[in-house]
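See below for the structure under consideration.
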Amino acid sequence: MASMPNTDALRTIADHETGRYKWYVAAVLCFAHTVAIIDRFVMVLVVEPIRAAMHLSDLQLGLLQGTGFAVLYCGFAVPLGAVADATNRRNLIMVGISLWSLATIAAAFATSFEALFATRFLVGMGEACLVPAGMSLLTAYFAPANLARGTAIFGMGANFGLGFAFLGGGALLATLIAAGGLSVPGGAHFAPWQGIFIAAGVTALPVLILLFWLREPPRGQVPSARLTALREGFAFIRANLGGYLPFLVVGAMTAVTGYSVTSFSSSLFVRMHGLSPAEAGKLIGLVGILAGPLGTFSGGYTLDRLRAQGVAGAPLVVMGVGSVFALLLAAGTAFAPNLPLAAALFSLFVFESTFVLPSLYVGMQLLTPDRFRGIAASFNMMVYTLAGLGLGPPVVGAISDRLHLGHRSLGFGITIVELAMVLIIVPVAVVSRRSFQAKMQAVAN
C-alpha cells in the first residue's frame, strides 16, 4: 500500500503557495518559455537565406519548420510528462534547455538539409519537457486561487519569445548582414543566418543560471500513486476517444490554419513585397507582440460570454467561424497588391489565429473530469502540434513546389490548405456541437 505523504513536505508546499517565491518560479518559467519560442521560430526568420544557401525546395522548408520539430516534440510530450511526475522537475527542464539550445547552435554548422533536419528533431525533443514539467511546478507552488495567474505569466513567454525571435532577431540579422557575418575569437567566421542560430542558442545561458535558484518543491503524492493516476488517465482517454474525436479533429485542423501561414510568413513578405529577411522579421515581430496578446485575451473573453449565454458547443463555434476568417485573411495577405494592405491583413490574421487558442485549450478541459485533465491537456497538445506543425508547413510547401507559378505559388499553396481546413472544420463543428454540449454537461454533473 502506498505510504502517506510527509506532513512536513505538505506544510512546505503550503508555505510556497502563500509566499512570494512562487512568483519567482513563474517568472523563471516564463523566461524559459521565451527562450523555447525563440529557438522554435528562429528558423522562420532565416528560412529565405537558408533556401538560397542550400538550394532547398519549399517542401524541404516546410519540413524544417514543421515536421522536423513536431515529430519528437509530440512523441516525447506525454512520456516526458510522466518523467516530470517521477523526477526532479527543475533538473528535467535544465536538461531540456541544454539540449534544445545546443541543437539550435548546431544548426549553424549544418551544411545539408539532412543535418539541419536532425537539429530540428533535437530542438523538438528538448522543448517537449518544458510545458509538462513547468505546469507541474506551477501547480505545486500556486494555490488554486492564483494558479491561473501563475499560468498566465508562464504563457506570456510565448508572446515574448515570438517578439524577440522576429523583432530582436530581425535587428540582429540586419546588423550581421551589414557586418558581413559573425566573426568569433579563433578566426571562425559565420554567415549572417548562421550567426542568428548561434545567438538564439546562447540566450539559454541566463535562464540556466536563474534555474539554479529554483527549488524543487516536495511532492504530496508518492511515485507509485502518480504512476497509477497516469495509467488511469490513459485508460480514460482511450475509453472516451470517440467522444473526443470531433473536437480533436476541429482542434487539429485549426492548428493547421495557423501554422500554415505563420511558418511561411517571412517568405511571403520577402517574395511578394521585396522585403529583406531582417525587415520581414521586424514586421512580423511587431505584429505578434501587438496582435497576439490582444487576440488571445479577446478570444478568452468571447468564449466565456458565449458559454454564459448558453451557446451549444461554444469552443467549436469559435473555431468554426475562425477558420472562415483564417481563409479570407490568409488569402488576402498572400495576394495583397501592396505592403501596407498585406501587413494590415496579416495583423488581423494573427489576431484571429490567437483568438481561437483559448477555445482550443479549454474545449478539451470541458470534456474531461478534473482528475484526468493533466493527461488530457498533454494529449491535446500532442495532437494539435503534430497536425499544425507536422502537416501544415510541409503540405503548403509541397503544393507550392508543384504549381510552378513563381512567387505566387506560395500564396496559392497557403490558400488551398486554408480552404481545405474550412471544408473539414465547419461541417464537423456544426454536426458535433450538440454532442459536445451533452458530454460537457455530463462531465460537469
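Since we're looking at a predicted model, the values are computed, not measured.
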| query | M54 and A110: which non-hydrogen atoms are nearest, and at how many Å? | reply | CE-O, 3.3 Å
| remark: Rounded to the nearest 0.5 angstrom, the OG1-CD1 distance for T333 and I414 is 8.5 Å
| said: Determine whether a donor-acceptor pair (N or O, by modelled atom type, separation under 3.5 Å) exists between the side chain of D39 and the backbone of I105. | reply: no
| request: Might you confirm whether atom CZ of F351 has over 12 heavy atoms from other residues, nucleotides or ligands at distances under 6.0 Å? | output: yes
| L329 vs V261, side chain to side chain contact (heavy atoms under 4.5 Å, CB included): CA-CA, chis, key distance, verdict | CA-CA 10 Å; L329 295 170; V261 178; over 6 Å; no
| query | Taking C-beta and beyond as the side chain, do L248 and L241 meet within less than 4.5 Å on heavy atoms? | reply | yes
| task | Find out whether I97 and L211 are in side-chain contact, i.e. whether some heavy atom of one side chain is under 4.5 Å from a heavy atom of the other. | result | yes
| task | Taking the six-membered ring for Trp and the full ring for Phe, Tyr or His, determine whether the centres of F325 and F349 are under 6.0 Å apart. | result | no
| With a 4.5 Å limit on heavy-atom distance, are the side chains of L64 and F117 in contact? | yes
| task | Work out which heavy atom in I50 is nearest to a heavy atom in L56; give both atom names and the distance. | result | CG2-CD1, 3.8 Å
| message | Is it the case that atom CZ in F121 sees more than 12 heavy atoms from other parts of the structure closer than 6.0 Å? | response | yes
| query | Tell me, do R90 and I93 make a side-chain contact under 4.5 Å, heavy atoms counted? | reply | no
| field | Verdict with supporting geometry, L339 and F269, side chain to side chain contact (heavy atoms under 4.5 Å, CB included) | value | CA-CA 8 Å; L339 178 60; F269 286 108; 3.8 Å; yes
| note | Taking every heavy atom of G288 against every heavy atom of P293, the minimum-distance pair comes out as O-CD, 3.4 Å
| If you measure from the Lys or Arg side-chain nitrogens to the Asp or Glu carboxylate oxygens, is any gap between E279 and K282 under 4.0 Å? | no
| Hey, are T257 and E418 close enough side-chain-wise for a donor-acceptor pair under 3.5 Å? | no
| message | Rounded to the nearest 0.5 Å, what separates atom CG in L205 from atom OG in S101? | response | 7.0 Å
| request: Determine the interplanar angle of the Y259 and F41 rings, folded into 0 to 90°, and report it as parallel if under 30°, tilted if 30 to 60°, perpendicular if over 60°. | output: parallel
| Any donor and acceptor pair, going by atom type alone, linking the side chain of D401 with main-chain N or O of L59 inside 3.5 Å? | yes
| field | Donor-acceptor contact present, side-chain H189 to main-chain G180, <3.5 Å | value | yes
| From W213 atom CH2 to Y24 atom OH, the distance as rounded to the nearest 0.5 Å | 7.0 Å
| For atom CE of M125, is the number of surrounding heavy atoms from other residues, nucleotides or ligands below 6.0 Å larger than 12? | no
| query | Parallel, tilted or perpendicular for F160 and F164, by the 30°/60° rule? | reply | tilted
| query | Under 4.5 Å between any side-chain heavy atoms of M43 and L61, yes or no? | reply | no
| query | Judged by atom type as modelled, is there a donor-acceptor pair below 3.5 Å linking the side chain of S298 to the main-chain atoms of G295? | reply | no
| query | Is there a ring pair (Phe, Tyr, Trp, His ring centres under 6.0 Å) between F247 and Y244 once you walk through the steps? | reply | CA-CA 6 Å; F247 176 81; Y244 284 122; 8.2 Å; no
| Does any N or O in the side chain of T203 come within less than 3.5 Å of the main-chain N or O of A200, such that one atom is a donor and the other an acceptor? | yes
| request: Kindly determine whether M319 and M253 satisfy side chain to side chain contact (heavy atoms under 4.5 Å, CB included), including the steps that lead there. | output: CA-CA 9 Å; M319 289 190 284; M253 299 302 100; over 6 Å; no
| said: Given 3.5 Å as the limit, does a donor-acceptor pair link the side chain of T119 with the main chain of A107, or not? | reply: no
| query | CZ of F346 to CG of L348: how many Å apart, nearest 0.5 Å? | reply | 11.0 Å
| query | Are any side-chain N or O atoms of S400 and backbone N or O atoms of V396, one a donor and one an acceptor, separated by less than 3.5 Å? | reply | no
| Minimum heavy-atom separation for G96 to C129, with atom names? | CA-SG, 3.7 Å
| Please walk me through it: do F166 and V44 pass side chain to side chain contact (heavy atoms under 4.5 Å, CB included)? | CA-CA 9 Å; F166 288 103; V44 179; 3.8 Å; yes
| query | At what distance, to the nearest 0.5 angstrom, does CE of M272 lie from NE2 of H407? | reply | 8.5 Å
| said: Does any part of the side chain of T254, heavy atoms only, come nearer than 4.5 Å to the side chain of Y384, both counted from C-beta? | reply: no
| Nearest heavy-atom neighbours spanning P217 and L137 | CD-CD2, 3.5 Å
| note | For L167 and G285, the nearest pair of non-hydrogen atoms, with its separation, is CG-C, 3.7 Å
| V42 vs F197 side-chain heavy atoms within contact, under 4.5 Å | yes
| request: Taking the side chain as every heavy atom from C-beta outward, state whether P315 and L366 have any pair of such atoms under 4.5 Å apart. | output: yes
| Can you name the one residue among M382, M381, R120 that meets side chain to side chain contact (heavy atoms under 4.5 Å, CB included) with Y73? | M381
| field | Atom pair CE (M94) and CG (L214), whose distance is rounded to the nearest 0.5 Å | value | 9.5 Å
